[in-house]
Structures are given as C-alpha cells and as structure tokens.
Amino acid sequence: MYGNDPGSTIPMSFGFDQWCWGQNIFYAPFGLTNWSDVCMDLRLTKDKEVVFDCVSDAYRNAITYYHDWYANGLIDVEVFSQDDKQYLSKCAQGEVGVATWWEISELMGDYADDYVYLPPLKGPDGACTVTIKSAGSAVNSGHLSITKACKSPINLLKFYDQWYTGENVMQLQYGPIGVYFNEEKDAQGMYVSITDEEAREKYNKSAGELKAASEVQGPKLILSDYYTNVFHMEDRAMERLEDLQNFWFKYVDDFTFYPVDCVFTEDELNDLDLYKPDFENHVKEQEAPWFRDGGPSDAEWEAYKQDLIDTYGMEQILEVYKNAYDRYAAAE
C-alpha cells in the first residue's frame, strides 16, 4: 500500500499483454519492445529481413529474467487477471511502485506528483535497445471502402473530403468545439484543447478518456500546418513528443520498421485469416506461464519454435508479410 514503511516492497504493476499498459516495454533491456498483438511484433531488420520477435533469444531472455522478479514479489500478482478499471483504481490509490500508461497524471491521479517518468531499464549486461514498430501511418489503406451499393460514389467522396479540413479533422480526432476544444479562439486565432484538470472537473473524465469518448473513427489526416494555424497541439501530445525525444529515442539504434500500409492480395489475406488467430493465441498462451512459472527450458524453447512452424503456420505468415513488403519496396 501507499506509504509503506521504508524498506518494504511496493511491486510494479501492468496488465499482461495489454496495449498501452502491458509488460512489453520492459523487454527493452533485452533488445526489443514488442506489442500485445503478436503480429505487430513483426519486425523489419536493417537487412530488410522480416522476422518475429516472439522466437528470438532476446524475447526468451526477457521472459526468463522477469520471472525472477515475479517470484521475488517485485511484480504484482494480479498482472495476469486485472482489467483496466482495476488497474486504474489501484494506481489512483498509489498502490503500485512502477506502472505503465500514457501519462503519469492520467494514471496516478492525486498521487501523480509522487511519481516520475522512468527511462527504459538497462539489462543485466547494461544494454538497452528500443525497437520501432508502426502502429499506424499518416496515410493508410482500409479507412474507407465504397461498395457497389453506393448510388453516388462522387458525392460520398465529396463528403469525406470535408473530413480533411483543419477544423473538421481537429474535432473528428479529439472531440467537438465546446467539448474538447474551447469555443473561443486564443489571441493567435487558434483553438485550444481542454486541460486534464478541466476535463475532470467538467466531465469527470481525464482528457484522454474524454478524447476516447468523443473521437470519430474513419479516414482523416492532420497536417503539420494545422498545428500552426488551426489548433494547438494538446498538452498530452506535446508531453509524449518530449518524452520520446528525452527518454526513448536515445536508445533506438535502428529506425527501420515494417510499413503499415503494405497491401495484401486476396489469397494472402485468406492465409492470414487461416493462420494468424491460432498463431497469436499460441504465442500468448505460452508467454504467460513462462513469465509466471519460469522457463522455458532449452527443450521447451526448441519445441515451441518448431510447433509454431509445424502447427501454427509461422512460415506461411512470414511469407505473406515478406511478399507484401517486397511489392511495397519495389513500388517506392
């Protein structure tokens, strides 16, 4: 609990294989930072080889190392079972020593001033590597599809063209004027977003929660010019950019990443539909017990890798992603 006697242990906490609050960023001391979505762990190396981190020695070493932390009480025993509401409540009461989320203020509530930003940890050999993954790009396929049932594709496209204007995309991405943005512009003639304190007071939500409740999914693109002549970048985004620059990018030695906008053929999509769900589930089902119980042994590790090939279609999945990348690279 918060305020324990000096020398007592307040464990680190997270949600196992969760997105922004998972254990995955703690793997940086071993050469990777992966995602809860296993196929997002797909990585393009400097040599343009497509690989999965979930079969790398770095991944194995990370799991084995943090098992000792778990066994010694340094990691919250509820990391495998808690949901986001339980986790947020626990953090807001100051019951964790180390946690992971977007912002300290959003996670720690009244105890935020007692926490500081933690740089990526260094491993037993003193090394630390942050790997770059693409969660999305400025321009991406799949945000809008027009079927033959549409009576006027031209008018539909005219409608969606309006989603790209500065004032409209601002509200689609964050929330309406009068909710997420102040109705009155500032002296520069630009919109200013609500602060975290204002959001909590007015809506009983953090600024991040208000954005999540207000934003509209679909095709949109925020141009850099919009931040200089339409609306100010929100405080949270500014903080993230500074944190990336000050804490994370200095540990990145390779900015190569697999392009998110690679396009797949119908046959390739069918292969992904066939293999990907079971492949990802098997990786996740193995990771948690190893993290909790220790391991894997040499025999277990070799059997796991071979099983991913023989039973779960890892080579077929890699071939799909490799072919899609080759076409992408050839078209550049």
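Worth knowing before you read on, the calculation uses all heavy atoms, side chains too, and leaves out hydrogens, waters and symmetry mates.
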(request) Give a yes or no on whether a salt bridge exists between E268 and R327, defined as a side-chain N under 4.0 angstrom from a carboxylate O. (result) yes
(request) Identify whether the distance between the nearest side-chain nitrogen and carboxylate oxygen of K305 and E302 falls below 4.0 Å. (result) yes
(message) Salt bridge or not between D298 and R60? Use side-chain N to carboxylate O under 4.0 Å.
(response) yes
(request) Find the distance between CD (Q171) and OH (Y180) and round it off to the nearest 0.5 Å. (result) 13.0 Å
(message) Distance check, rounded to the nearest 0.5 Å: M108 atom CE versus D113 atom CG?
(response) 12.0 Å
(request) State plainly whether one hydrophobic cluster holds both V116 and Y251, where clusters connect Ile, Leu, Val, Met, Phe, Trp and Tyr through side-chain heavy atoms under 4.5 angstrom apart. (result) no
(message) Ring centroids only, cut at 6.0 angstrom: are Y312 and Y275 within range, meaning strictly under it?
(response) no
(message) According to a hydrophobic-cluster definition based on side-chain heavy atoms being under 4.5 Å apart (Ile, Leu, Val, Met, Phe, Trp, Tyr only), do F255 and I25 belong together?
(response) yes
(request) Indicate yes or no: does D53 engage R43 in a salt bridge with an N to O separation below 4.0 Å. (result) yes
(request) Could you tell me whether a side-chain N or O of N281 sits under 3.5 Å from a main-chain N or O of P277, the two making a donor and an acceptor? (result) yes
(request) Taking K205 for its side chain and E201 for its backbone only, find out whether a donor-acceptor pair lies under 3.5 Å. (result) no
(request) Give a yes or no on whether D110 atom CG has more than 12 heavy-atom contacts from other residues, nucleotides or ligands under 6.0 Å away. (result) no
(request) Using atom types as modelled and distance alone, determine if a side-chain donor or acceptor of E106 lies under 3.5 Å from a backbone N or O of E103. (result) no
(message) Given 3.5 Å as the limit, does a donor-acceptor pair link the side chain of K48 with the main chain of L44, or not?
(response) no
(message) Working note: T228 + D225, criterion side chain to side chain donor-acceptor pair (under 3.5 Å); need CA distance, chi angles, decisive distance, verdict.
(response) CA-CA 5 Å; T228 59; D225 288 351; 4.7 Å; no
(message) Taking the ring of Y258 and the ring of Y321, is the distance between their centroids below 6.0 Å?
(response) yes
(request) Treat each ILVMFWY residue as a node, draw an edge where side-chain heavy atoms are under 4.5 Å apart, and state whether Y174 and M190 are in one component. (result) no
(request) Check whether any side-chain heavy atom of W290 sits under 4.5 Å from a side-chain heavy atom of Y304, and report yes or no. (result) yes
(message) Nearest 0.5 Å, please: how far is CD in Q86 from SG in C91?
(response) 12.0 Å
(request) Give a yes or no on whether the backbone of V192 and the side-chain of H232 come within a donor-acceptor separation of less than 3.5 Å. (result) no
(message) Less than 4.0 angstrom from a charged side-chain N to a carboxylate O is my criterion; do E215 and K211 meet it?
(response) yes
(request) Find the distance between CG (D271) and CD (Q316) and round it off to the nearest 0.5 Å. (result) 7.5 Å
(message) Under 6.0 Å between ring centres: does that hold for Y227 and F231?
(response) yes
